Amino acid sequence: MLSRLHSLLYVLLGGRIVSHRGTARFLLLSTTGRRSGRERTIPLLYVWHHGDPCVIASVGGNPKAPDWLLNLREQPAVSVRIGRDKQPAAARIATSEERRQIWPSFVAAYGGYELYQTRTTRVFPIIILTLQGPG
């Protein structure tokens, strides 16, 4: 419920106010439901890596992967909204080396990721979103 409200406010306000909290920045990721075929949108903290926004599938340290990750594994064509700008993107899971490089940026943006990682043996995938241009 809270993520739906965050998403709605994000769109209504064009990302103003709800697109950041301290040093953390948020985007809206829209995936296609793997069973329903319907668009699903979730606000996620993101960091930049080589010009691409990246998100992390942590779910607060839950041992189960989030539904949005399962959706984009099946259908990597997604859309990304940063502020008022919405663009199609191609999602892919970072390689081990890329993850090693990007992980410190997530911890710097939100230190809770280190705690989350201690709650599970699941290594949180980092997803690189390659923007495809104006949507």
Side-chain angles (χ1 to χ4, degrees):
M1 176 65 180
L2 187 57
S3 68
R4 272 192 244 167
L5 178 60
H6 189 170
S7 296
L8 177 64
L9 289 172
Y10 195 109
V11 172
L12 288 174
L13 298 172
R16 291 185 318 273
I17 303 168
V18 296
S19 67
H20 63 281
R21 183 172 172 195
T23 60
R25 301 284 178 243
F26 296 90
L27 58 71
L28 296 182
L29 175 67
S30 296
T31 63
T32 301
R34 64 195 178 286
R35 290 190 294 255
S36 69
R38 293 175 51 199
E39 183 177 86
R40 304 289 184 191
T41 302
I42 185 162
L44 295 167
L45 185 146
Y46 75 98
V47 299
W48 291 101
H49 178 69
H50 299 305
D52 294 321
C54 301
V55 294
I56 189 165
S58 67
V59 197
N62 193 311
K64 184 178 174 229
D67 287 339
W68 62 262
L69 176 64
L70 303 177
N71 290 343
L72 69 78
R73 280 183 173 159
E74 193 158 312
Q75 176 51 264
V78 299
S79 69
V80 175
R81 179 184 294 269
I82 298 176
R84 293 188 183 279
D85 184 33
K86 184 175 181 180
Q87 295 183 50
R92 69 176 179 83
I93 297 174
T95 65
S96 296
E97 177 59 24
E98 288 169 322
R99 187 185 188 287
R100 188 186 62 71
Q101 294 170 14
I102 301 167
W103 173 254
S105 297
F106 276 103
V107 173
Y110 177 65
Y113 285 121
E114 286 184 309
L115 174 62
Y116 292 171
Q117 190 60 79
T118 66
R119 293 180 181 167
T120 184
T121 57
R122 179 175 70 88
V123 176
F124 304 140
I126 291 176
I127 294 76
I128 297 173
L129 304 165
T130 303
L131 302 176
Q132 306 293 302

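Quick caveat, the model's predicted, so the values are computed rather than measured. Quick note: numbers below take in every heavy atom, side chains included, and nothing from hydrogens, waters or symmetry partners. FYI, the numbering just counts along the sequence from 1.
Note that CD1 of Ile128 is 6.5 Å distant from OG1 of Thr95, once rounded to the nearest 0.5 Å. Distance check, rounded to the nearest 0.5 Å: CD of Glu98 to SG of Cys54 gives 8.0 Å. For the atom pair NE2 (His49) and CZ (Arg99), the distance works out to 12.5 Å, reported to the nearest 0.5 Å. Distance CZ/Phe124 to CD1/Ile93: 14.0 Å, rounded to 0.5 Å. Between the NZ atom in Lys64 and the CG atom in Leu69 there is a gap of 11.0 Å [rounded to 0.5 Å]. Note: Ile82 CD1 to Leu27 CG = 5.0 Å, rounded to the nearest 0.5 Å.
Between Tyr116 and Tyr110, the ring planes are tilted. Angles from 30° to 60° get that label.
The main-chain N or O of Gly112 is never found under 3.5 Å from a side-chain atom of Gln117 such that the two would form a donor-acceptor pair. Panel note: side chain Arg122, backbone Ser58; a donor-acceptor pair is recorded below 3.5 Å. At distances below 3.5 Å, not a single donor-acceptor pair connects side-chain atoms of Arg34 with backbone N or O atoms of Gln75.
When all heavy atoms are compared, the tightest approach of Leu129 to Val78 is CD2-CG2, 4.0 Å. Considering every non-hydrogen atom in both Ala65 and Val59, the closest pair reads C-CG2, 4.4 Å.
Residues Val55 and Ile42 share a hydrophobic cluster, clusters being chains of Ile/Leu/Val/Met/Phe/Trp/Tyr side chains in contact below 4.5 Å. When the side chains of ILVMFWY residues are joined at heavy-atom separations under 4.5 Å, either directly or via intervening members, Trp48 and Val80 end up in a single hydrophobic cluster.
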